[in-house]
Protein chains: 2
Amino acid sequence: MSMRLPAPARREQILDVSVQVFARNGFHSTSMNDVAEAAGVTKPVLYQHFDSKQDLYLALLEEAGNRLRTAVSKAVVSAANGKEQTEMGFRAYFRWVADDHDAFLLLFGSRANRDEESTTTIRRITAETAKAIAPLIAADIDPEHQRTLAQGLVGLAEGVSRHLVERGDTFDPEVLGQQVADMAWAGLRAVHRKG
Amino acid sequence: MSMRLPAPARREQILDVSVQVFARNGFHSTSMNDVAEAAGVTKPVLYQHFDSKQDLYLALLEEAGNRLRTAVSKAVVSAANGKEQTEMGFRAYFRWVADDHDAFLLLFGSRANRDEESTTTIRRITAETAKAIAPLIAADIDPEHQRTLAQGLVGLAEGVSRHLVERGDTFDPEVLGQQVADMAWAGLRAVHRKG
DNA sequence: AAAGCTTGTTACCCTCAGGTAACCGTATGA
DNA sequence: TCATACGGTTACCTGAGGGTAACAAGCTTT
C-alpha cells in the first residue's frame, strides 16, 4: 500500500507518527500494530528500526525532552536580569507546548504511561528543567529548598499547560507566558524576602 | 495461610494493601496476582469483592480523591480571609501528602498509570481541587483565566510534593505549606494588580 | 452432627500483544 | 538479464495476565 522509503526516512516517519499515536492514546493502550498501521506499514518494519516498543518509546521521550530543554535554556540565556529570565523562560515553555503539542502530552499528559525506565527518563527531564530554573530563585535560601521550589515552578507551568492542552484550548504562548511569569516572579520575590 | 476474614474486613484489607502496591509499581506493572499475594490471599478472592482490576483501581482513586478533597476543603472553610485560606489550604494539602503518602503517589505520582477511565477520574479530582482554590484568585480577572491559574496552583503543589515524595524526603507539612502559600499568595496578588 | 452459607483454593481458559522466522517484490549494478 | 541487497509482508510463536469454574474447608444454626 504505502510507498517504499529509504531506511532513515522511514525511521523519521515512524518517529513522527508514533509521537502522535502515543500522545493520544498512552503507552499501554497503543499496540505496535496501531503504530504500524498509523505509519502505513506492518509491524516487523518497526522492529527493523527499533529493538522494542520500549526502545521506540524512550527514543520519543528523549527527542521530546531535548526540544523542551533547548527551547527553554536558549530563551533563558538570552535574558539580562532575573525577571527577564523568568519571563523569557516561561514564554519559551508555553511556546514549546503550543507547537510541540504531542511531545508535551507524551511527557506530561495524563495519559503518559510510565514504567520504571520511562519514569526515570521523564524525571530526569523534569529535573533538568528545574535545574535551569533554580538559579532564578533567590540565592539566600538553602539549596535544598531552592530545588524544591524550582520543581514547584515546573509543576506550575505543567499544570497550566495540561489543563489547557487537554481541554483543547488554544492560547497565545506569549501572553500566557507573561502572565504566569508575573505570578511566578512575584512569588519568587516573596520567598526571597522571607529567606 | 492467612486468617479467614469476614467479607467487609477483607474488602478493607484489600483496599489498604492495593493502594500500596499500585502506588509503588503503577497500574500496569501490578498484576492481580501481585495484589492477591500482597494481601496474603489468592486471586479469586479479589474478584469476590471487585468486578475487575479497573473496578478495584477506580475504587482506590475515588477513596484517595475523597480524602484529599475533604482535607483541603475543611481547611479552607475554617479560614477568615483570602490569605489565611491560602495558607490553610496549602498546609492541609501537604499534610495530606505527608500522611496519605501512597494515595498521593496513586493519584499524582510519576508511576500513576492512566487509561481512559482513570484519567477521567483523576482529572475530575484535580479539577475539583482547582475549583476549591479558584475563589482565592482575585475576582476581577476573567473566570476562564482564573480557572487556568487555579490549575497552575494545583500543579505547583503537585510538583513540589512529587519531587519530595519520590526522593523519599521527609518534610514538615506546616512549614512547607506556609512557604508555598507565601509564594502563591504573593503571586496571586501580582495577578490581581495587573488584571 | 448435619445442612448450608461463607470464605478460600487449585487449576484452568483465553485473549491480546510483543516479538520473530521465513518469505516476496522491486530497484540497482554488473 | 541475472544476482543481490534492501524494504516490506504473511503467518506464526509465546508469555503474561485478567478472569472463572469447580471444588475444599470452616463457622453456625438448628
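All of these numbers come straight from a predicted model, not from anything done at the bench. Heavy-atom basis, side chains included; hydrogens, waters and symmetry copies ignored. To find a chain, count down the sequence lines: A is the first, B the second, and so on, and within it residues start at 1.
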Between [N] atom [atom2] and [X] atom [atom1], what is the distance in whole Å?
| X | N | atom1 | atom2 | answer |
| --- | --- | --- | --- | --- |
| A:Asn33 | C:dG18 | CG | P | 8 Å |
| B:Leu5 | C:dT9 | CG | P | 11 Å |
| B:Asp34 | D:dG19 | CG | P | 14 Å |
| A:Ile14 | D:dG7 | CD1 | C1' | 11 Å |
| A:Asp115 | D:dG17 | CG | P | 13 Å |
| A:Asn25 | C:dA17 | CG | P | 12 Å |
| A:His28 | D:dA16 | NE2 | P | 16 Å |

For A:Asp55 and A:Phe50, work out which heavy atoms get closest and say how close.
OD2-CA, 3.6 Å
Distance below 4.0 Å between A:Arg10 side-chain N/O and D:dG8 OP1 or OP2:
yes
Phosphate oxygens OP1/OP2 of C:dA17: is one of them under 4.0 Å from a side-chain N or O of A:Ser31?
no
CD of B:Gln54: more than 12 outside heavy atoms within 6.0 angstrom?
yes
With B for base contact, S for sugar-phosphate-only contact and - for none (protein heavy atoms under 4.0 Å), nucleotides 24-30 of chain D reads -BB----
Which is it for B:Arg162 and A:Glu158 under the salt bridge (charged side-chain N to carboxylate O under 4.0 Å, His left out) test, yes or no, and what are the steps along the way?
CA-CA 13 Å; B:Arg162 187 159 42 231; A:Glu158 217 179 285; 3.6 Å; yes
Does any donor atom in the side chain of B:Gln178 or B:Asp182 lie under 3.5 Å from an acceptor atom in the other side chain?
yes
Donor + acceptor pair across side chains of A:Ser110, A:Glu166 (<3.5 Å):
yes
Protein-nucleotides 1-5 of chain C N/O pairs under 3.5 Å:
none

Is the NZ or CZ atom of B:Lys53 both under 6.0 Å from the centre of the six-membered ring of B:Phe22 and within 45° of that ring's axis?
no
Where does the angle between the aromatic ring planes of B:Phe104 and B:Trp96 fall among parallel (under 30°), tilted (30 to 60°) and perpendicular (over 60°)?
perpendicular
What is the ring orientation for B:Phe94 with B:Phe90, classed by angle as parallel under 30°, tilted 30 to 60°, or perpendicular over 60°?
parallel
Quick one: do [X] and [Y] make a salt bridge, cutoff under 4.0 Å?
| X | Y | result |
| --- | --- | --- |
| A:Arg67 | A:Glu62 | no |
| A:Arg167 | B:Glu144 | yes |
| A:Glu37 | A:Lys43 | no |

What contact category does B:Thr30 fall into here, base, sugar-phosphate, or nothing, at under 4.0 angstrom with non-hydrogen atoms?
sugar-phosphate
Strictly below 4.0 Å, heavy-atom distances to any atom of DNA chain D: list the hits from residues 45-59 of chain B, or just say none.
B:Tyr47, B:Ser52, B:Lys53
Among D:dA21, C:dG19, D:dT9, the nucleotide that comes nearest once only the side chain of A:Lys43 is considered:
C:dG19
